[in-house]
Structure formats: structure tokens, C-alpha cells
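Only this structure's heavy atoms are used, side chains among them; waters, hydrogens and symmetry mates stay out. Since the structure is predicted, the reported quantities are computational estimates derived from the model, not experimental observations. Residues take their numbers from the sequence shown, with the count starting at 1. Remember, it's 1-based here, ligands and their atoms both numbered in the order they're listed.
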Amino acid sequence: MKTTISRPRVAASGRKISPAQNGHGNGESSASRAGLKINPRLVEWLKKPKQNLIDGKWTPAASGKLFDVFNPADASVIARAPDSDKEDINRAVAAARRAFESGPWRAMTTSERGKLIWRIGDLILQNADELAELESLDNGKPRAVARVADIPLAADLFHYMAGWATKIEGNTIPISVPNFHAFTLREPVGVIGQIIPWNFPLLMAAWKLGPALTAGNCVVLKPAEQTPLSALRLGELLLEAGVPGGVVNIVTGFGETAGAALAAHDDVDKIAFTGSTEVGKIIVRASAGNLKKVSLELGGKSPNIIFKDVGDLNAAINGAANAIFFNHGQCCCAGSRLMIEREIFDDVVEGVATQARKIKLGPGLDATTQMGPLVSEEQLSRVSNYLHQGKQEGACYVTGGKRAGESGYFVQPTVIKDVKPGMSIVREEIFGPVVVAEPFTKVEELIPRANQTQYGLAAGVWTRDISKAHRIAAALKAGTVWINCYNVFDSALPFGGYKQSGWGREMGHEVLEHYTQTKAVVVGL
Ligand code: ADP
């Protein structure tokens with residue numbers, strides 16, 4: 001994720017506000033002004049006051065305050081969500097604790113729990129069109145992308161995890177002390193605080209909730225303040241699926257208030273966080289009070305390496321463009337450092353730049369849009385600052401390099417060359433559609449350069465030489481290496497970071513290790 005720590009309160013941002021600011025928001029107004037149709041059911045849903053889900057009930061923030069939720073395509077207000085604070089977090093944690101220690105969740109068999117989790121996946125699929133539309137409106141991504149990627153992947157994660165509910169097993173251990181029977185139990189950790197980002201709002205909620213519930217935990221989830229809506233809609237689906245009250249609590253609000261209160265809470269047993277490396281460090285410090293467990297999925301500056309023996313150069317060029325431009329570059333694993341063998345450097349750079357020039361920018365709800373706006377004004381200014389710095393430092397912009405249009409938070413897809421290792425655009429996570437391209441000549445020089453980053457989330461390697469591909473994959477310090485592909489995800493595949501890209505893994509059965517703890521039991525015979 002990107003690297004900002006503090007963000008201005010939206011009310012203070014001075015951006016264009018629609019008349020809906022004083023009501024509860026109205027998705028109809030902004031999109032229909034632009035001639036884009038929204039499902040009337042979604043329009044009605046957006047008009048309903050948004051509340052937190054605590055103890056199975058929809059509840060306003062204790063302070064009664066709300067914050068504005070924006071459509072990043074035109075900066076209009078589409079809804080208002082509870083501006084929650086410590087008091088709301090306290091109530092949600094207390095509800096999660098009650099649900100964990102007693103009540104139906106505790107008594108539910110693993111088979112029943114698995115079926116319940118499967119139903120959540122089914123309900124997401126049944127509501128996929130509406131969820132995709134909501135995600136597009138709130139985050140800015142093309143509706144069609146949300147419909148084929150975010151939403152089905154979120155459903156699949158619940159379906160995948162459902163099968164594990166009955167398969168979390170301990171071991172019998174043949175200890176060397178005579179006349180004892182020893183075994184292990186794998187038990188839930190307890191009350192889990194989950195703090196998620198805005199780049200894949202529903203999918204990140206699924207990555208977090210799926211394994212936590214599968215292992216029998218109870219949760220307080222805080223969505224990102226930029227994109228709280230799909231998590232609230234998911235809350236409704238969780239109740240419809242039959243998740244008992246208090247098992248999942250969803251509290252919207254800002255990082256510095258609601259998020260900080262959750263990370264520091266003494267009755268939270270574990271925090272699972274996805275976001276920037278800077279905030280990850282704040283979370284670790286906040287967790288020290290009660291030494292709660294922590295898992296982190298953080299930032300990246302991932303090298304995507306193309307060798308001259310790649311074979312199908314066009315496939316590599318398309319792959320490199322997808323690696324950076326998918327989700328507008330707002331991916332922690334974005335292939336933002338393109339390393340190209342010198343002989344093919346110009347061809348690849350020009351190929352990726354040609355792709356970039358062809359990308360059609362527009363509102364996510366427009367069916368012809370290929371890339372939507374960045375998520376927020378803050379993100380636009382952050383990416384713009386990097387683009388400015390790169391120019392100041394003397395890099396060459398092959399294409400892009402500027403904001404696109406005057407309204408909404410659009411940035412031109414950008415390809416940069418003639419960069420030096422010390423430049424901020426080479427070292428830091430930009431979290432926008434911006435790639436820096438560097439040539440290399442020798443493999444011995446390539447690997448140290450590729451690994452010369454505080455991050456270690458992902459990497460790509462493009463070559464037809466199978467031995468070289470494996471050697472490079474082994475040498476790269478990254479949690480995921482894609483060979484002759486990029487951005488391939490699956491619920492069964494663990495994902496997470498080396499170095500400062502995180503602690504632990506999301507997805508796969510490995511994530512369940514972070515949501516269970518082992519108890520050794522010894523029986524004297
Ligand atoms: P991004 O760069 O994707 O915006 P952030 O790390 O800023 O990532 O935010 C990711 C999540 O972390 C959001 O839900 C945000 O509200 C939360 N967050 C931000 N600051 C803090 C903090 N100090 N304590 C806890 N959570 C925070």
C-alpha cells in the first residue's frame with residue numbers, strides 16, 4: 001500500500017461537495033448528472049442512513065457524527081457513514097468478546113460453521129451486480145472489473161475457507177516421557193481487530209473475515225474511511241447468512257481515531273492489518289500494550305524483470321502494462337519497477353507506453369472506461385507530488401506524467417525512464433498508474449538491484465529459459481514471484497511480504513495459522 005500516515009479530514013479538504021452533503025448522500029445525483037445509470041435498488045440503499053453493525057444491530061456512532069463518502073469520479077457525496085471513535089470500538093469489542101466467550105457461535109459445530117461461511121460466498125454471488133456497482137461508485141474502479149475480479153474473488157475466498165472449517169486439526173505427539181498421552185488443539189485466537197484499505201474494499205474484507213470466522217474467532221472490522229460502503233452491505237449479507245450477533249462487528253471511521261482505538265484496545269487478542277508500511281509500524285507499537293498478535297500486509301515496490309529471451313515479447317509487454325495499470329496502480333503488489341534487458345529496453349518501454357496511451361479513462365460506471373479515477377483527492381495529490389519530484393530529479397517521461405481532466409481524481413497512465421536508484425519515484429511506493437523502467441545487462445548486477453528495496457511483496461520474471469526463471473525466482477526476496485505472468489491470485493495461494501512488506505500470509509491454509517493458537521495437552525495415563 002502507499003505510504004501516507006496522516007490524512008486530512010474530508011470535511012476540511014475543501015473539495016467540491018454536492019447538496020447531498022447535508023443529507024445521507026445520493027448516488028443518483030452524481031452519476032445521473034453524468035448520464036450513467038445506477039440500479040434503483042442501489043440508489044435506495046445509498047439513501048438509507050448508514051450505521052455501524054454492533055452486536056447484530058445497526059447502530060449510529062455514539063457521538064452521532066457522520067463523515068462524507070465521495071464518488072472519486074466527480075467528488076460528489078454519495079453517502080455518509082458513522083464517524084466512529086473509541087466509544088464505538090469499545091462497544092464493538094465488548095460485543096465480540098461476549099459472542100466469543102458464550103452464545104451460539106461457541107456452540108456451533110465446525111460443520112455448521114463451514115456451511116454458514118459457504119452461504120456468505122453464495123450471497124455475495126447472488127448480489128454480485130449490485131456489489132460491483134457499489135464498489136465502482138465508492139472506489140472509482142470500472143464496474144466491469146469489480147464484477148469479474150473483486151466480487152467473485154471475495155465470494156471464492158469464503159467458499160474456499162468454508163471447506164477448512166472442518167479440517168483445522170491438531171496432532172498427537174509421541175513424547176519421550178513414559179505413560180503420558182500428548183496432543184495439540186488448534187484453538188481460535190479470540191477477538192480479532194481487522195483494519196483494511198480502500199483499494200479492494202470488499203475483497204480485503206473477505207480476505208480478513210473468511211479465515212477469522214473459519215477458525216472460530218469473533219471480529220471487529222474497520223473499513224477504510226474512503227470506501228466504507230461495501231463492508232456495510234456485506235454486514236447485511238452476513239446477518240442474512242445467519243452469522244450470530246456480535247460475531248462480526250463493522251465500525252466505520254478514520255484511522256487516527258477508530259483504527260487507533262482498535263489497535264490499542266486491551267481486550268483485542270489480535271490485529272490483522274492491510275495498508276501502508278508506515279501505519280503498519282504504528283499498529284505494531286499500538287499493539288505492544290497487551291502484546292496482541294499482529295499480522296500485516298503492507299507496501300511494495302515490486303520489480304518486474306523482462307529478459308531478451310522472453311519469446312513472445314508482446315505477451316510480456318501486455319503483462320508489464322497489466323502489472324502496473326491494473327486497479328490504476330493502486331495495488332500493493334503493482335509491478336512498479338520494470339527492469340528490462342538492455343537489448344529490448346526501447347521496444348518494451350515503447351510497447352508499454354503505447355498501451356498506456358490507449359487506456360480510456362472515465363468514471364467506473366461508464367461501460368467504456370478502462371481506468372477510473374484514483375480513490376481520493378489526497379491520493380491524487382500524493383501521486384502528483386511524485387510525478388513532480390521525478391521531473392525535478394531529471395527522469396524522462398515517455399508518456400503521461402500529469403493529472404487528467406479537471407474534475408475527479410484522474411491521473412494519466414505514466415511510463416518513466418532515465419531514472420537513478422536514489423530517486424524517490426524508484427524507491428518509494430507511489431500507488432498510482434506510474435511505472436519506472438530501468439535497463440540491465442548482467443544477471444549478477446540485476447538481482448542485487450531488484451532486491452535493493454525495503455519492500456518484498458512480489459516480483460515478476462519473463463523468460464523462456466526455465467533454469468534461469470527458477471534461479472531468479474529463488475534469488476528474489478519477495479513473498480510472491482510470478483513467472484511469465486503477473487497478478488495471478490487464488491484463494492488457495494498464500495500472499496504476503498518479505499522484509500517490510502509484512503508479517504504473515506493472507507489466503508491459502510497458511511493464513512489459518514495466524515487465526516489459531518496451539519494448545520498442548522498432556523494426559524497422565
Ligand atoms: P492506504 O495507504 O491504503 O490509505 P493506510 O495505511 O493509510 O493505507 O490505511 C489503511 C487502513 O489503516 C485504513 O483503514 C485506515 O483508516 C487505517 N489507519 C490509518 N492510520 C491508522 C492508525 N494510526 N491506526 C490504525 N489504523 C489506521
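- The ligand atoms of ligand 1 that sit less than 4.0 angstrom from a heavy atom of Ile195 are 11 (C), 12 (O), 14 (O), 17 (C), 25 (C), 26 (N).
- Heavy-atom distances between Phe431 and ligand 1 stay at or above 4.0 Å for every pair.
- Just one residue in the list Leu457, Leu298, Thr274 forms a side chain to side chain contact (heavy atoms under 4.5 Å, CB included) with Cys332, and that residue is Leu457.
- Comparing Gly259, Gly299, Ala263, Gly255 by heavy-atom distance to atom 18 (N) of ligand 1, the nearest is Gly255.
- On a distance-only criterion, Trp198 and ligand 1 share at least one N/O pair closer than 3.5 Å.
- Close contacts between ligand 1 and Ile282 involve ligand atoms 23 (N) [criterion: under 4.0 Å to a heavy atom].
- Annotation for ligand 1: atoms under 4.0 Å from non-hydrogen atoms of Ile196 are 11 (C), 13 (C), 14 (O).
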Please report, to 0.1 Å, the donor-acceptor pairs under 3.5 Å made by any side chain of residues 505-513, with sequence neighbours excluded.
unit_1: Arg505; atom_1: NH1; unit_2: Gly497; atom_2: O; d: 3.3
unit_1: Glu506; atom_1: OE1; unit_2: Lys208; atom_2: NZ; d: 3.2
unit_1: Glu506; atom_1: OE2; unit_2: Lys208; atom_2: NZ; d: 2.8

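- Of all heavy-atom pairs spanning Lys292 and Leu262, the tightest one is CE-O, 4.3 Å.
- The part of Thr274 lying near ligand 1 is the backbone, judged by heavy-atom distances below 4.0 Å.
- Cation-pi geometry between Lys499 and Tyr455 is not met: the NZ or CZ atom fails to fall both under 6.0 Å from the ring centre and inside 45° of the normal.
- When only interatomic distances are considered, the shortest N/O to N/O separation between Gln226 and ligand 1 does not fall below 3.5 Å.
- Annotation: ring pair (Phe, Tyr, Trp, His ring centres under 6.0 Å) contacts of His514 (sequence neighbours excluded): none.
- Remark: Lys50 is positioned above the aromatic ring of Trp45, its terminal NZ or CZ atom under 6.0 angstrom from the ring centre and at most 45 degrees off the axis.
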